[in-house]
Enquirer: 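Quick one: the structure is below, and I'll ask about it shortly.
Computed from a predicted structure; not experimentally measured. All ligand and atom numbering here is 1-based and tracks the order in the structure.
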Amino acid sequence: MSEQANPFESLQEQIDDATEYMSVSGDVVERLKHPERVLETNLSVEMDDGDVEVFKAFRSEFNGDRGPYKGGIRYHPGVSRDEVKALSGWMVYKCAVVDIPYGGGKGGIIIDPDEYSESELERITRSFAKELRPFIGVDKDIPAPDVNTGQREMNWIKDTYETLENTTEPGVITGKSPDSGGSAGRVEATGRSTMLTAREAFDYLDRDIEGASVAVQGYGNAGWIAAKLIDELGANVVAVSDSSGAIHNEAGFDPVDVKSHKNETGSVAGYHGADEEFSNDDLLTLDVDLLVPAALENAIDGDLAKEVQADVIVEAANGPLTPDADDVLRDADTYVFPDILANAGGVTVSYFEWVQNRQRFHWTEEKVNEELERIITDAFDNLVETYEETDAPNMRTAAYVVAIQRVVDAYQESGNWP
Ligand code: GLU
């Protein structure tokens with residue numbers, strides 16, 4: 001395996017690629033490539049056995065020209081300062097490409113949450129929330145779930161913030177459970193925008209999604225919901241994977257049944273309906289109509305990209321393809337529909353949650369899904385229009401052209417501050 005790409009350098013390369021097709025001055029391009037500030041902190045937390053453990057944690061606020069910083073918090077051993085910076089930058093351009101009024105941020109703790117009890121995780125989360133308190137706020141910086149975090153952690157952060165501030169302000173964080181102010185449809189939202197992007201992509205390319213073969217890498221919240229909703233369009237999910245490995249069946253799986261197996265056993269491996277089991281790399285190079293990478297960054301690098309056989313890739317994960325992989329796939333005429341559009345459903349429904357929290361009003365799931373579909377399909381149309389009007393070499397660069405222009409316009413309209 002080749003050396004892992006640094007995600008922050010990948011982000012900067014993606015911005016450079018796009019600004020070649022725009023007229024943006026050098027100083028503004030520099031501004032677009034660096035975070036405004038990064039919090040790095042060390043959390044000292046008492047474990048169940050009375051010992052104290054220290055956890056490194058980050059929050060990057062990348063750009064606030066279009067609104068409050070917005071983005072998730074991940075718990076993963078691979079979290080690093082550069083990873084969080086990259087992810088916060090991707091949030092800026094994600095929010096801009098779907099035109100919701102946010103900047104971008106991202107946070108993370110270097111931790112394998114599987115190794116800690118629930119009460120330890122609660123203390124770790126509340127300790128991070130305490131450190132975040134001066135930075136976050138309903139109009140300042142609004143965290144949300146990401147890899148290995150969900151409603152439970154968001155509820156704890158909301159409660160810590162509200163307790164310390166002596167207020168009720170559910171919109172300080174999104175992705176909460178419904179009883180704590182969460183929105184209907186939020187859990188499914190990332191997978192739903194992946195499905196909508198795949199549907200629109202196949203339509204744009206004049207291909208039938210019905211009967212199309214699909215491989216999904218990663219069976220967490222984004223991957224499994226994408227598999228389920230794409231299956232409901234009539235496509236055939238022939239391979240799925242998680243960190244334990246991949247399963248394959250040419251006749252297709254029932255994604256819901258695979259999910260029940262994963263819930264029971266902890267992994268997709270060993271599923272009774274699988275014809276064969278192989279590695280994640282085997283899945284990523286399978287000859288399918290649609291490939292959905294839904295795990296972590298750098299799943300496909302330049303070397304692996306040479307072996308990719310899928311015709312269309314829709315990215316549910318953040319940053320699953322390195323810039324080298326993009327080059328190889330462009331030369332191979334593989335269409336890649338980028339993360340900043342395809343997984344933007346999560347932050348879009350976070351936006352709806354924030355709006356509902358501020359209005360102290362509740363939307364039905366039907367309304368949430370309807371509004372999400374409108375935002376994603378409008379953004380898709382805008383993207384392909386830009387792709388066709390500019391000489392952008394691929395959909396990713398076209399998406400960045402749309403997004404960067406919006407950020408630059410907001411920045412320039414605000415004028416100069418000494
Ligand atoms: N973590 C998700 C993302 O990467 C959601 C962020 C949010 O809802 O603010 O887009």
Enquirer: Counting from 1, what ligand 1 atoms have a heavy atom of Asp146 closer than 4.0 Å?
Expert: 1 (N), 2 (C), 4 (O)

Enquirer: Hey, is Lys94 close enough to Asp339 for a salt bridge, meaning N to O under 4.0 Å?
Expert: no

Enquirer: So does Asp257 pair up with Lys228, basic N to acidic O under 4.0 Å?
Expert: no

Enquirer: Quick test of your reading of the model: are Arg152 and Glu118 salt-bridged, counting only N-O distances below 4.0 Å?
Expert: yes

Enquirer: In the protein, what heavy atom is nearest to atom 7 (C) of ligand 1, and what distance, to one decimal place, separates them?
Expert: Ala144 CB, 3.2 Å

Enquirer: Any idea which atoms of ligand 1 are less than 4.0 Å away from a heavy-atom of Gly346?
Expert: 8 (O)

Enquirer: Please list, in number order, the atoms of ligand 1 under 4.0 Å from a heavy atom of Lys106.
Expert: 1 (N), 3 (C), 4 (O)

Enquirer: For the pair His261 and Tyr271, name the ring-plane relationship: parallel under 30°, tilted 30 to 60°, perpendicular over 60°.
Expert: perpendicular

Enquirer: If you draw the axis of the six-membered ring of Tyr411, does the NZ or CZ of Arg31 fall within 45° of it and under 6.0 Å from the ring centre?
Expert: yes

Enquirer: Could you see which bit of Met154 sits under 4.0 Å from ligand 1, with heavy atoms only: side chain, backbone, both or neither?
Expert: neither

Enquirer: Heavy-atom contacts with Ser350 under 4.0 Å: which atoms of ligand 1 show up? List them by number with element.
Expert: 7 (C), 8 (O), 9 (O)

Enquirer: With heavy atoms only and a cut-off of under 4.0 Å, state how Asn318 meets ligand 1: side chain, backbone, both or neither.
Expert: side chain

Enquirer: For Arg374, is there an ion pair with Glu370 - N to carboxylate O distance below 4.0 angstrom?
Expert: no

Enquirer: Salt bridge between Lys33 and Glu30, side-chain N to carboxylate O under 4.0 Å?
Expert: yes

Enquirer: Of all the heavy atoms in Gly71, does at least one lie under 4.0 Å from an atom in ligand 1?
Expert: yes

Enquirer: How about CD on Glu366, more than 12 heavy atoms from neighbouring residues, nucleotides or ligands closer than 6.0 Å, or not?
Expert: no

Enquirer: Taking 4.0 angstrom as the limit and counting only heavy atoms of Met91, give me the atoms of ligand 1 inside it, by number and element.
Expert: 3 (C), 4 (O), 6 (C), 10 (O)

Enquirer: Only heavy atoms of Lys94, strictly under 4.0 Å: list the atoms of ligand 1 that pass.
Expert: 3 (C), 4 (O), 10 (O)

Enquirer: Among all the protein's non-hydrogen atoms, which is closest to atom 9 (O) of ligand 1, and how far away is it?
Expert: Lys70 NZ, 2.8 Å

Enquirer: Could you tell me the residue and atom name of the protein heavy atom closest to atom 5 (C) of ligand 1, and the distance to it rounded to 0.1 Å?
Expert: Arg186 NH2, 3.5 Å

Enquirer: Report the relative orientation of the aromatic rings in Tyr400 and Tyr93; use parallel for angles under 30°, tilted for 30 to 60°, perpendicular for over 60°.
Expert: tilted

Enquirer: Can you tell me which portion of Pro145 lies within the under-4.0 Å heavy-atom range of ligand 1? Options are side chain, backbone, both, or neither.
Expert: backbone

